[in-house]
Amino acid sequence: MSKHNFVKHCYAVCLCLLTASHGFAQQPADSFSLHLAISRTLQHYPAMQAKQAQIKSGEANLTDVKHDWYPALRVHEQLDVGTDNSIYGSYFTMGMIPSTSGGIREKNNNQLMSGNIAMAQMQWEVYNFGAYASRTEAARAALNTRKSDLANTGNQLTIAIIQDYLELLRLTALQKITADNIKRTEAIQRAVNATVKYGLKPGVDSAVAAAELSKARLNLLEINGQYNRLRIELAAFTGIDSARIIADTLNEAKLEGLLARFAPQQAVAATHPLLQFYQSQYEQQKALETVIRKANLPKVQLMAAGWMRGSSGEFNDYYNKNLWSGLGYKRYNYLLGLGITYNFTDLKRTREKAATQRFAADAAAKEQETMTVKLQQAMDEAQSDIAMAQQRLAEIPSQLKAAQAAAVQKTALYKAGLTNIIEVTNALFLLNRAETDLIQARDAAWKALFRAAYAGNTLQALLPELH
């Protein structure tokens, strides 16, 4: 071998190795995996952030409700100037009528009198037969509902991303086979044009070939449109630029193995995030029913007050003209009390409210049962689809092999003048159909596998199996 030929040979070997290594990777440098799509969605999507904020709000509310047991302590100071005239008798102040102390005399006195008062009052509901505890449990149940809502939303987003990602893989595969179909159709058109040019075939063959090529290109444009719309949707979920969203196809080889060994649960697990969400709603409704029943029970209150007063009025109805003299504290008092309050007339209304809330709890329980039935139905359908997909995937290779052979034979026969262009286009159509059927069957198998995992709450067991 000459030196020149040796160099050419080495160059060719290196080029082949580089090409082979690039093709073996099957993963573009900037492609994003299914795991990346899910993690970015759970971190970026505003719905998740909103649920997290609601949880923080629920935690703050629980802390606030726990503090309901604290006593109320109020302090007050006021300075007053006015007349002091009163008569015997009782009345309801209605929170509006000012109080007048003393001043009972034969006629009104229009002289001014000054005074001040400072007071501290404490009111403490020390015991209410479980009302505090019921409100705390209701707040905790509301918080649990928000937490389960977050978990369910995350699970729903996860399966939505998986479905979109699988659809992206399907469209990527359709782009490839459609591009291959265009190349085959272009090759046929070149052969037809050559034969028509020299009068070996009628001119209609060239028109038929051109129509088939145009149809294939239109199909590719439609697929590209769907592909771009899906990338925009994934970009909205993940916050990644749509131009960087390129499907990772490394998991395609794992499909048959996963279908063979992945066994979904036969019954829906009570720990499914969707069922947990409805269970927490039921528990919240029951907690609210308890709050209503406890709210009408007796309340034991401890009360205490202390106050100091000053006045420019003195003993024997003497008015000191120096109004500043009324600003000092002259009398001191305190008062302690223990009271119990029970609203007897509210019993019937409380029972009606509790009954209303009990029906709401029953409705929540039925909604949970409905979701259980739907999940079981989805699991059964997915398992049936998995079995059907395995049968289709076993049969389609025979269809594809026969279609490939038919396309090669019809093309050769046409070039030899032994068949017409219609037979060739039919053969190419059958080949494209077989390739499409294979893609659709694999797509249906993947989606059925994930539907079964979602219904059986085994997504977290299946995802680690993938790249």
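Each residue takes its place number in the sequence, starting with 1. All values below come from the heavy atoms of this structure, side chains included, with hydrogens, waters and symmetry mates left out.
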Colleague: Which atom pairs, one a donor and one an acceptor, fall under 3.5 Å between side chains of residues 221-229 and the rest of the protein, sequence neighbours left out?
Modeller:
{"residue": "N224", "atom": "OD1", "partner": "Q175", "partner atom": "NE2", "Å": "2.7"}
{"residue": "N224", "atom": "ND2", "partner": "L220", "partner atom": "O", "Å": "3.3"}
{"residue": "N228", "atom": "ND2", "partner": "N224", "partner atom": "O", "Å": "3.2"}

Colleague: Go through the steps for E283 and Q279 under the test side-chain hydrogen bond (donor to acceptor under 3.5 Å, both in side chains), then give the verdict.
Modeller: CA-CA 6 Å; E283 292 174 354; Q279 175 65 24; 3.1 Å; yes

Colleague: Quick check: closest heavy atoms across A253 and R442, and the distance to 0.1 Å?
Modeller: N-NH2, 4.4 Å

Colleague: Please check: side-chain N/O of N251 versus main-chain N/O of K254, any donor-acceptor pairing under 3.5 Å?
Modeller: no

Colleague: Donor-acceptor pair, distance only, cut-off 3.5 Å: does the side chain of Y282 make one with the backbone of F277?
Modeller: no

Colleague: Under a 3.5 Å cutoff, is there a donor and acceptor pairing between the side chains of N343 and T345?
Modeller: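 Checked: N343/T345 side chains pair up, N/O donor to acceptor below 3.5 Å.
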
Colleague: With a 4.5 Å heavy-atom cut-off, do E367 and M371 have their side chains touching?
Modeller: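 Heavy-atom side-chain distance check fails, nothing below 4.5 Å.
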
Colleague: Do Q284 and T145 have side-chain N/O donor and acceptor atoms under 3.5 Å apart?
Modeller: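 Their side chains do contain a donor-acceptor pair, which is all the 3.5 Å distance test asks for.
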
Colleague: Between E289 and Q285, is there a side-chain donor-acceptor contact under 3.5 Å, judged purely by atom types and distance?
Modeller: no

Colleague: Can any side-chain N or O of S214 pair as donor or acceptor with the backbone N or O of A210 at less than 3.5 Å?
Modeller: no

Colleague: Evaluate the ring planes of Y45 and F237, with Trp represented by its six-membered ring, and classify them as parallel (under 30°), tilted (30 to 60°) or perpendicular (over 60°).
Modeller: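 Ring orientation of Y45 relative to F237: tilted.
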
Colleague: Is the shortest side-chain N to carboxylate O distance from E186 to R217 below 4.0 Å?
Modeller: yes

Colleague: Is W124 reaching over with its side chain to a backbone N or O of W69, donor-acceptor style, under 3.5 angstrom?
Modeller: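 Present.
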
Colleague: With the threshold set at 4.0 Å, does a side-chain nitrogen-carboxylate oxygen contact exist between R184 and D180?
Modeller: no

Colleague: Restricting to pairs with a member in residues 154-167, which pass salt bridge (Lys or Arg N to Asp or Glu O under 4.0 Å), not counting sequence neighbours?
Modeller: E167-R170, E167-K447

Colleague: Which pair of heavy atoms, one from S134 and one from T290, lies closest together, and at what distance?
Modeller: CB-CG2, 3.9 Å

Colleague: For R146 and Q54, test the side chains for any donor-to-acceptor distance below 3.5 angstrom and give the result as yes or no.
Modeller: no

Colleague: Determine all donor-acceptor pairs shorter than 3.5 Å in which one atom belongs to a side chain in residues 397-407; sequence neighbours excluded.
Modeller:
{"residue": "Q399", "atom": "NE2", "partner": "D437", "partner atom": "OD2", "Å": "3.1"}

Colleague: Could you check whether any side-chain N or O of S33 sits under 3.5 Å from a backbone N or O of L36, counting only pairs where one atom can act as donor and the other as acceptor?
Modeller: yes

Colleague: Would S206 and N193 count as having a side-chain donor-acceptor pair, cut-off 3.5 Å?
Modeller: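 Result is yes, a qualifying pair exists.
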
Colleague: Is E137 salt-bridged to R140, cutoff N-O under 4.0 Å?
Modeller: yes

Colleague: Is it true that K366 and E369 make a salt bridge, defined as a side-chain N closer than 4.0 Å to a carboxylate O?
Modeller: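 Salt bridge: yes.
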
Colleague: Under a 3.5 Å distance rule, please check whether H272 uses its side chain to pair with a backbone N or O of G456 as donor and acceptor.
Modeller: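 Not at all, since once roles are kept as given, no pair shorter than 3.5 Å links the two residues.
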
Colleague: Sub-3.5 Å donor-acceptor pair from the side chain of H35 to the main-chain atoms of L466, do we have one?
Modeller: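 Yes, H35 side chain to L466 backbone: donor-acceptor pair under 3.5 Å.
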
